[in-house]
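The structure under discussion appears below in the form of structure tokens.
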Amino acid sequence: MLRQTDTLLGARPPGCAYFEAFRALRTNITAAQEKERFSSLLITGARPGDGKTTVAVNLGIVAALARKKVALVDADLRHPAIGEMLELPPGPGLVDVCNGEASLDDALVRMDIETLCVLPTGATWPMAAELLGSTEMTDALGDMQERFDLVILDSPPVGAVADAGVLSRLVERTLLVVRAGSRSPEPEQRALQSLEKAGAHILGIVVNDILPRDSMTYQQYYSYR
Ligand SMILES: Nc1ncnc2c1ncn2[C@@H]1O[C@H](COP(=O)(O)OP(=O)(O)OP(=O)(O)O)[C@@H](O)[C@H]1O
Ligand SMILES: [Mg+2]
């Protein structure tokens, strides 16, 4: 069921540096979970296209490969991408669950990796921020937090719309994705300030698309701090 695009872990040999970097990210998140006891994690970033969805999906895959029960939620209602990336059939999703049109069990899609479930966006909805801030959304997230070891939410960039700020208040931890080589750090600084103002608990920053120092042969690398 995993589409073999080259940024998805399904298309990479398990021994490559790209895979290894996601294992390192998984290890750091597991260590943080053991210390701080959380299960919901928002993946966001300051700019469009920095790799939020790529990080969310690959983290979901690598965590499930370690037998963690993972729910991967597409909470980017404006530009849903996970359904297409994973070639999910059309069906109900987060919007339908929040609107009472579907149950969580009906909307969660089981993937080939046994412990990985995906909640796509489902129906389109014009008022994303309002839906994400609804009590139904809080209830659905609470339900998933009880049932899964890790609930990963993909979101739009912080600056563009209110959604990421709204989501950051609901989840227990937030990760910021930054693409290496971004020219000025100002958008990231503004994003961090606005997330902190919203009450987000920032777990760390993932730098996407960097070359490891000891090798020029790898095309992609992720680090976590
Ligand atoms: N490490 C990487 N190496 C090469 N290509 C990458 C890498 N990370 C992401 N990409 C590519 O960059 C593009 C944007 O990635 P992605 O959709 O994950 O970003 P995003 O932050 O979710 O974007 P949006 O803000 O539109 O939601 C995609 O084509 C993806 O395949
Ligand atoms: Mg995205």
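Numbering of ligands and ligand atoms starts at 1, following listing order. Along the sequence shown, the residues carry numbers beginning at 1.
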[X] side chain near [Y] side chain, heavy-atom distance below 4.5 Å:
{"X": "D106", "Y": "V97", "answer": "no"}
{"X": "L195", "Y": "T44", "answer": "yes"}
{"X": "Q145", "Y": "E172", "answer": "yes"}
{"X": "L41", "Y": "L153", "answer": "no"}

Looking only at N/O atoms, are [X] and ligand 1 under 3.5 Å apart anywhere?
{"X": "D50", "result": "yes"}
{"X": "G49", "result": "yes"}
{"X": "N208", "result": "yes"}
{"X": "R47", "result": "no"}
{"X": "T54", "result": "yes"}

Check this for me, if you would: do D105 and R147 make a salt bridge, where the nitrogen-to-carboxylate-oxygen distance has to be below 4.0 angstrom?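 Salt bridge flag = yes for R147 with D105.
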Quick one: pull up CD1 in I29 and CG in L203 and give me the separation to the nearest 0.5 Å.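 It comes to 6.5 Å.
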Which atoms of ligand 1 are found less than 4.0 Å from any heavy atom of [X]?
{"X": "D76", "answer": "27 (O)"}
{"X": "T7", "answer": "4 (C), 5 (N), 6 (C), 7 (C), 10 (N), 31 (O)"}
{"X": "P48", "answer": "25 (O)"}
{"X": "G51", "answer": "15 (O), 16 (P), 18 (O), 19 (O), 20 (P), 21 (O)"}

Determine whether F38 and L42 fall in the same hydrophobic cluster, where Ile, Leu, Val, Met, Phe, Trp and Tyr are linked whenever their side-chain heavy atoms lie under 4.5 Å apart.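 No, separate clusters.
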Nearest heavy atom to atom 6 (C) of ligand 1: which of H79, R78, R179 does it belong to?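 Selected option, by shortest heavy-atom distance: R179.
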Would you check if the Mg ion (ligand 2) lies under 2.8 Å from any N, O or S atom of T54?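 So T54 does not count as coordinating the Mg ion (ligand 2).
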Using the side chain to side chain donor-acceptor pair (under 3.5 Å) rule, take T121 and D74 through it: C-alpha gap first, then chi angles, then the decisive distance, then the call. CA-CA 6 Å; T121 50; D74 194 345; 4.9 Å; no
